[in-house]
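Every chain is numbered from 1, with letters handed out A, B, ... down the list of sequences. Reckoned from all heavy atoms, side chains included, excluding hydrogens, waters and symmetry mates.
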Number of protein chains: 2
Amino acid sequence: MFDRRRKRVDTLVSFLEQRGPIHLKQAADMLDVSEMTVRRDIAEAKGSLAFYGGYIAPVKDFGATSYAMNTEEDRNASKKAAAGRKAASLVENGDTVFIDCGTTTPHIAKALPEDLELTVVCYSLNIANIVCKNERWRVIMLGGIFYPNTQVFKGAYSLSLLGQVAITKAFVSAGGVHEKRGLTCSNFYEVEVKQAVLRATDSRFVVVDSSKFSLVKPAFFAPLAEAGTIIADAVPEDYARVIESAGLSVLLGAD
Amino acid sequence: MFDRRRKRVDTLVSFLEQRGPIHLKQAADMLDVSEMTVRRDIAEAKGSLAFYGGYIAPVKDFGATSYAMNTEEDRNASKKAAAGRKAASLVENGDTVFIDCGTTTPHIAKALPEDLELTVVCYSLNIANIVCKNERWRVIMLGGIFYPNTQVFKGAYSLSLLGQVAITKAFVSAGGVHEKRGLTCSNFYEVEVKQAVLRATDSRFVVVDSSKFSLVKPAFFAPLAEAGTIIADAVPEDYARVIESAGLSVLLGAD
DNA sequence: CATGCAATGATAAAATATTAACATTGAGGA
DNA sequence: TCCTCAATGTTAATATTTTATCATTGCATG
């Protein structure tokens, strides 16, 4: 029975998935075999592990196939980060914050001050994965059925939970902010959650990057007047007046 | 205005976090600069990005600091994988499977045949992150408050969801399998979910590695007779009789 | 206890990645 | 316009990783 190799591979895979990539040398040390043997192990574990410049990593960590950097997310990354940092700076000790799904909100999650006592309410896998890293925070996840393209979990039963949590600050994203069409987003299944959240708290923030002003997306979720405070990296000149006349305040984050 | 670099770094960070590491060449292509420039970008983005053998990755992906492979998880990884593979092999097209939390159950999730039509019910971030990768599967997550040490979400409201889902196969983990003390686990908050799941289906599997036999953990969740079928990598000789006389069947996975 | 064979280790050659040094470009100020 | 300097590109040297090859170990079988 010569399957020490299989066993080492299992051990390695498990270790790497838990603790992240390590150098070939470390792996060889830990498994008490030569680097060459570890190489051969990985070669045999086709598909699940790979080398990258002397490091071993689960292949899933190296899944980038797309070559184009042309998504909306990529192009506006620094704007989104700016808005996200601004939003996060508003959070205070003891807050219970709701963080919406989308491409801007992860920047809020990442920028939250680590040393505060917080409760974070979310419904997307993205956000959960970020905020779960901080063991000081209480994290509440609304469950449900998973929607892959937005990484969101949604179910009617989870909305009732919102009634039980006292949200002190809600950060909601929007795909479009328009004078007449109000706040819109791309996916209809998000609408119910966004509306429930807006109803559940008075401290509402709509977080967007500046490319969203004057856009309209298919799913409507609230009139502009209900946006509370708008947080963005910048506001186009013509929209400053629109927002002001809607009685909203605006906060800007430095790009 | 010389901060093209900062912008490129933002774009890169965002891209990498979304889509995983890429090769220096690809990055240079996409950003339309030379490899050398990308290198200098990363050098300036101290801390957040790094190179590994020609690939760029978020540093957080390379966080393995611990050198010892001594956790229970590491030591029994191949046993757990064996049990996990066996469990996964039972799953059939159209099944709605429940996958418990723990260190063994992720091996089930990873070994599920990718080409089946499945609904997967879970309540831990671990499992969700694995099964969400397959877009063919419907994933249902029980929400609630997050418990960091087990990566579990738990809330009374989510248990009611179990009544609405027809689970065809439930894979439950156990920290101890004992003749008299029955099935036990380490965390009391898991008990409610495990019990609800066992009630919700007749097709029950208790998945453990062979180190669990004759152990007793603090939280009791079911008598041995209710285990249904036990799946393990192996069963110690003295326990084969115990299990048989409890009227249970056993399935073994090749280590 | 000798034989065969998978598993492993060691070494050197080939391929790649990293670094350092110098050349070029282009924006902003005199 | 010319000058300066940061940003970038190019090239060659240096270091590292990968691959290929052969020698060694040690278990299993007859």
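Listed nucleotides D/dG9, C/dA17, C/dG9 differ in distance to B/V33; the shortest reach to its side chain belongs to D/dG9. Nearest nucleotide to the A/H23 side chain, out of D/dT10, D/dT17, C/dG9: D/dT17. Listed nucleotides: D/dT18, C/dG9, D/dT10. Nearest to the side chain of B/S34: D/dT10. You'll find that the side chain of A/D41 is closest to C/dT8, out of C/dA17, C/dT8, D/dT18.
Rounded to whole Å, the distance from OH on B/Y55 to P on C/dT18 is 12 Å. Counting to the nearest Å, the C1' atom of C/dT16 and the OH atom of B/Y52 are 18 Å from each other. The separation between A/R39 atom CZ and C/dA14 atom C1' is 13 Å, rounded to whole Å. Here D/dT18 presents its C1' atom at 9 Å from CZ of A/F51, a figure rounded to the nearest Å. Between A/M36 atom CE and D/dT24 atom C1' the separation is 15 Å, expressed in whole Å. C/dA7 atom P lies 16 Å from atom CG of A/L31, rounded to whole Å. Taking atom NZ of residue B/K25 and atom P of nucleotide C/dA15, one finds them 14 Å apart after rounding to whole Å. Between the P atom of D/dT19 and the CD atom of A/E35 lies a distance of 13 Å, rounded to the nearest Å.
Checked against side-chain hydrogen bond (donor to acceptor under 3.5 Å, both in side chains), A/S34 has the following partners two or more places apart in sequence or in another chain: A/T37.
Using the six-membered ring where Trp is involved, A/F153 and A/F146 have ring planes that are tilted, between 30° and 60° apart.
Residues B/T229 and B/S249 share a closest heavy-atom pair of OG1-OG, 3.3 Å.
Using a distance-only test at 3.5 Å, with no hydrogens or angles considered, a donor-acceptor pair links the side chain of A/Y239 to the main chain of A/E179.
With respect to B/E35 and B/K25, no salt bridge is recorded, no charged nitrogen being found less than 4.0 Å from a carboxylate O. A salt bridge is absent between B/R241 and B/D238: the closest approach of a Lys/Arg side-chain nitrogen to an acidic carboxylate oxygen does not fall below 4.0 angstrom.
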Any N/O pairs under 3.5 Å between the protein and nucleotides 22-25 of chain C? List them or say none.
none

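For B/R8 and D/dT8, the shortest distance from a side-chain N or O to OP1 or OP2 is below 4.0 Å.
At least one side-chain heavy atom of A/R39 sits less than 4.5 Å from a side-chain heavy atom of A/L24.
Between B/T37 and B/G53, it is B/T37 whose nearest contact on DNA chain D lies nearer the 5' terminus.
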